[in-house]
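We count ligands from 1, going down the list as the structure has it; atoms in each ligand are counted the same way.
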Amino acid sequence: MKRKILVTSALPYANGQIHIGHLVEYIQTDIWVRFQKMMGNDCHYMCADDTHGTPVMVTARKQGVSPEELIEKMNEEHRRDFGDFHIEFDNYYTTNSPENREFAEYIYMKLKEGGHIVEKEIEQFYCEKDRMFLPDRFIKGKCPRCGAPDQYGDSCELCSSTYSPVDIGEPFCSICRSVPVRKTSVHYFFRLKNFTERLKEWLDKDRVQPEVRRKLDEWFQEGLRDWDISRDAPYFGFKIPDTEDKFFYVWLDAPIGYMASTANWCARSGRSFDEFWRDEDTEIYHFIGKDIMYFHCLFWPAMLMGAGFRTPTRICIHGFLTVNGEKMSKSRGTFINARKYLEHLDPQYLRYYYACKLGSGVSDVDLSIDDFISRVNSDMVGKIANLASRVGPMLKKKMDGKTGSIPEDAVSLIEDARNKNIVIADLYEQREFSRAVKEICQIADEANRYLEKKEPWVTVKTDAEKTRQTITAALEIFRLLTIYLKPVLPQFASDAEKFLKIEPLAWADIERSIVDHEIGDFKHLIQRVDPAKVNAMIDESRE
Ligand SMILES: [Zn+2]
Ligand SMILES: [Zn+2]
């Protein structure tokens with residue numbers, strides 16, 4: 001039966017460029033979405049830029065532009081970066097949209113009506129020169145624990161302790177360095193603990209990975225705390241209804257952006273919003289990083305519950321990217337922007353490599369540069385693309401480009417490769433991409449061994465028909481491999497389809513065959529990674 005699935009990735013913040021750490025999530029999600037679409041499911045991938053908040057406002061001020069101008073420019077950049085990594089959204093929108101304002105106000109009013117919003121007076125730092133309240137990250141001072149100077153208002157980079165900005169020593173505004181004053185104002189809080197039981201019930205239905213559930217249980221044990229959902233003017237965001245100078249905190253309207261993006265896409269494509277956000281038969285999958293678990297596994301479903309919408313089917317949480325076993329680092333040149341990568345390397349390498357490393361768990365993903373080069377060159381180029389390049393040009397030049405029948409000695413080899421589709425599909429579904437790639441590479445190994453044994457490059461001189469059969473078998477397996485790899489490598493698959501002169505492949509095409517068929521001209525499907533280019537990319541990323 002055809003499934004109806006809505007998928008999202010976390011919304012990238014409009015204040016920065018996309019880097020290879022972000023791409024772990026977008027590539028992971030894109031692979032899963034492409035797989036679902038190949039299976040014939042009614043699957044749609046929504047995303048948007050997360051545009052509100054103090055950092056965007058401050059950056060725009062510094063650049064002398066309006067926040068709207070800044071986020072517009074970033075939206076274009078983000079779209080281009082994602083597109084060039086073959087990440088294909090059904091809609092890529094912005095949280096600074098009329099739809100998002102409408103949903104944010106609606107959800108807030110519902111929560112208020114339900115008695116889930118409370119007012120409290122709080123004290124914060126205020127910079128009189130910049131005329132704004134300073135969020136934790138905009139205050140600096142001495143760490144209250146170790147005394148290190150120039151530390152942020154919420155945590156110390158030296159001793160990694162976390163604290164409240166009011167405890168920091170000799171505080172100063174990180175924008176203008178003047179000493180801030182303390183000011184009180186009324187803030188609005190979302191009473192999360194009202195949803196404790198409903199959240200637990202919801203989580204009992206297999207919504208998150210087991211290790212995530214354990215972490216959430218710790219938070220339940222500590223008791224769920226009220227969440228400050230308001231910020232004082234000036235603030236770039238949506239004004240809270242019935243107030244003069246209060247705005248929704250960026251984290252309130254960011255996840256609502258998933259709905260706004262859906263609504264915007266529905267209006268364009270003639271679909272109904274309610275079939276996605278009210279109908280329980282639809283599946284909703286959120287892909288996120290482990291740093292924003294609290295927001296997506298507690299605040300977000302509670303907001304949806306309070307406003308009468310359906311809750312997500314599953315939250316798929318991944319770990320962070322490390323490079324050569326360490327945190328991405330500007331001094332080591334491993335903090336690599338998407339654009340910098342694209343100046344030097346084929347995006348397909350990174351898609352393939354991340355697929356080789358990604359599982360369904362939350363552990364970090366390590367990009368080891370040497371391993372990256374060797375996996376791409378030995379598996380993707382050496383095993384998979386090579387299968388086509390060893391026989392394709394020969395068939396075209398010496399045998400009119402026409403395949404024949406499957407030889408007796410390859411029947412079981414091909415059947416095995418075809419039967420693997422069930423296990424590979426299941427691994428994609430479970431987000432066990434590394435295991436799927438392993439299965440795919442095993443098929444490629446078998447096929448290469450078969451070719452070595454049959455030596456078509458030798459037999460072509462004496463027995464053209466036998467050679468045609470050998471090549472037909474190899475191309476049949478190559479066709480199956482192309483189907484299996486298509487969620488990871490859509491560009492490669494599209495080039496392979498052109499070379500084989502076949503229609504775009506769906507998963508169901510596993511049952512078809514390439515016998516008695518005329519192929520197209522062979523063109524190299526993928527180049528080897530040049531280590532010199534990898535080094536140049538790292539050198540240029542070093543600060
Ligand atoms: Zn410290
Ligand atoms: Zn200031």
Participant: Would you please indicate yes or no on a ring centroid separation below 6.0 angstrom for His78 and Tyr92?
Facilitator: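 Tyr92 vs His78: aromatic centres not under 6.0 Å.
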Participant: Under 2.8 Å from the Zn ion (ligand 1), how many protein N/O/S atoms do you get? Just the number, please.
Facilitator: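 My tally for this metal is 4.
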Participant: Looking at Tyr294, Phe299, Phe295, which hits ring-ring contact (aromatic ring centres under 6.0 Å, His included) with Trp219?
Facilitator: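 Among Tyr294, Phe299, Phe295, the one that satisfies the ring-ring contact (aromatic ring centres under 6.0 Å, His included) with Trp219 is Tyr294.
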Participant: According to salt bridge (charged side-chain N to carboxylate O under 4.0 Å, His left out), does anything in residues 56-73 pair up with another residue at least two apart or in another chain? List the pairs.
Facilitator: none
Participant: Which residues and atoms, protein N, O or S only, are under 2.8 Å from the Zn ion (ligand 2)?
Facilitator: Cys127 SG, Asp130 OD2, Cys173 SG, Cys176 SG
Participant: Within a radius of less than 6.0 Å around CZ of Arg542, do more than 12 heavy atoms belonging to other residues, nucleotides or ligands occur?
Facilitator: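 Counting neighbours around CZ of Arg542, more than 12 heavy atoms of other residues, nucleotides or ligands fall under 6.0 Å, so yes.
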Participant: In terms of ring plane angle, is the pair Tyr285 and Trp32 parallel, tilted or perpendicular, where the classes change at 30° and 60°?
Facilitator: tilted
Participant: Decide, yes or no, whether a salt bridge links Arg213 with Asp204 under the criterion of side-chain N to carboxylate O below 4.0 Å.
Facilitator: yes
Participant: Look at the side chain of Thr196 and the backbone N and O of Lys193, then say whether any donor-acceptor pair between them is shorter than 3.5 Å.
Facilitator: yes
Participant: Only distances under 3.5 Å count here; give the side-chain donor-acceptor pairs of residues 127-134 to other protein atoms, sequence neighbours excluded, each with its distance to 0.1 Å.
Facilitator:
none

Participant: Are Glu211 and Arg214 ion-paired here, with the side-chain N under 4.0 Å from a carboxylate O?
Facilitator: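 Judged by the 4.0 Å cut-off on N to carboxylate O distance, Glu211 and Arg214 do not form a salt bridge.
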